[in-house]
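Some notes on the structure that comes next.
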Amino acid sequence: MNRFFFLFGNLLGAVNSRIGIRLLAIVALIFAALCIFASFFLVGTTAVQGNGPAITPGELIVYLSPRLSSDEVESLYLQIREMPETRNINYHFAEEMGLDRAGGLFVIEAQNSAAAASLETAVSTIVGITGIDSATQVHSASVSMSTVIRLVLLGVLVVTIAATLIVARRVFSLLLDSFASEIRLLRVAGTPEQVIQPPIIALGVLCGIIASMLLIVVVYLLHFLAISHPQATIRAASGLLMPGRVLMVSLVGALIGVVLGGLIGLLGASLTGSPRFQNYS
Amino acid sequence: MIQVSELNFVSEDGIKVLDDVHLRIDRGDLVFLVGPAAAGKSVLLGLLGTLIPPQQGQILVHGRNIARLSSRKAFDLRRQIGFLPQGFSPLQKTVMENVTFKLRSLGDFREQAEEKALAALDQVGLTSQLTHAAGELAPLEYVRLGIALSICDEPLLLLLDDPMSGLDQEDQAALCSLLELLNRRGFTILTSLRAAPANTTDNARIVHLTEGSVSEA
């Protein structure tokens, strides 16, 4: 490990501003690929469709913070029941409805569809409400991610990954040019490839890790934004309202980022076989 | 120490570089391999240093046939050979850092590497320039640094590829003296040159390599 960290430190020392900016471009491209991947799972999948209760027009599902006490829940229940737009209100535990989240929820039936919209506005201002699903949201979300859009996004994802690999090859070639004397010296000194290549692979993995961390930060920021602002348009990406899915996308995205970074590192390490890094070829 | 027999080597473009070379170098020898440019000196040194894979013939280094070595054992053997390649250029670091870089990349810890580097730089007379940028050294000091890099890990054999190219007569004489000093201190040295050195000790052997064939003076 002593050798690895020593060589890794020297490799980082060979990064000048020109190469550094290009390495950041690689991080940005990996991040873009991860964002596209995340959008498949966070945009256009609703909290209630498929594994939750069906929402009929004029009906609202109001999610409550799991931190509310039973007295506070009862107070909210009474407050909403007294609203003129409310026809009926029932309390359920989320688990009861087959939902992947903690806390309870109210299923509210409004007097009519028009009343449902104003009821949604009124309820969204109450403290302790973490989310609202309505028939309107479900409809708009399912439209926003049609099969065509998914196919286009898939194409963009493939192009982004290909661009990442092409840019990475160029950047690692530049980096290794500025590290060529060291590589030649290592070769003459009898340092095997198993020692020379891991720091290069590690640099690719580091790019992947930074992109993955960025993805996790952005996904969780959007998640908290969506939960804490019931009127935010970001709630159209209804996957962001599901903590389990946000966690899954973050972890799988991070894994993909690291693997992609590792592939880039391997691509870079393969360049050390070039004759320009040999004293005799 | 080195036993070469029936060694042949043909370049990628079909030119015969080495033709039935026989050579023996014993422990403690100082051998000057003399030949004109493109005579095959670098190829012979590259083969002996396990940097070029052999094609035909036998090369025994420290009793091991290098053609039959696995890549791992070839790397182990290479660590026992101090090699100064032709046109050596140091790293863009200080003199001391150049030597410690090699030692630390071979697995030595900082203190151990610094101790060995100081000893090697002392042997070649560069202790007064430890913190100088290697790129700013004079031509002879460049070669001294290259030799320090070659001997810092206490190799059994020293292979120097044309270290005198670009040096004036005075520097060449100084370098010859340094090689003889290192030889007296126990290093076995094989160095290639384009012309035989003017003054050599009785211990030194001069081997000529012309058109791929070896003959001893």
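Everything quoted here is computed from the prediction, not taken from an experiment. By convention in this document, chain letters (A, B, ...) are assigned in the order of the sequence lines, proteins followed by strands, and residues within each chain are numbered from 1.
Taking CG from A/Leu185 and OG from B/Ser105, the interatomic distance works out to 6.5 Å, rounded to the nearest 0.5 Å. Here the CG-CZ distance, from B/Leu103 to A/Phe6, works out to 9.0 Å after rounding to the nearest 0.5 Å.
A side-chain donor-acceptor contact under 3.5 Å links B/Arg78 to the backbone of A/Arg187.
Listed here is the closest heavy atom pair of A/Glu182 and B/Phe101: CG-CZ, 3.5 Å. Here the shortest heavy-atom pairing between A/Gly190 and B/Arg79 reads O-CG, 3.7 Å.
There is no contact between B/Asp76 and chain A, counting heavy-atom distances below 4.5 Å. With a 4.5 Å cut-off on non-hydrogen atoms, B/Phe109 touches chain A through its backbone and its side chain both.
Residue B/Glu136 qualifies as open at atom CD: its count of foreign heavy atoms under 6.0 Å is 12 or below. For CD of B/Glu211, the number of neighbouring non-hydrogen atoms (other residues, nucleotides, ligands) closer than 6.0 Å is 12 at most. A 6.0 Å sphere centred on CD of B/Gln55 holds more than 12 heavy atoms belonging to other residues, nucleotides or ligands. Under a cut-off of 6.0 angstrom, the local environment of CD in B/Gln92 is sparse, with at most 12 non-hydrogen atoms contributed by other residues, nucleotides or ligands. Atom CZ of B/Arg64 is surrounded by more than 12 heavy atoms from other residues, nucleotides or ligands within 6.0 Å.
Ranked by heavy-atom pairs shorter than 4.5 Å toward chain B, the options A/Leu7, A/Thr191, A/Ile196 are led by A/Thr191. Heavy-atom pairs under 4.5 Å with chain A were tallied for B/Asp153, B/Leu106, B/Leu77; the largest tally goes to B/Leu106.
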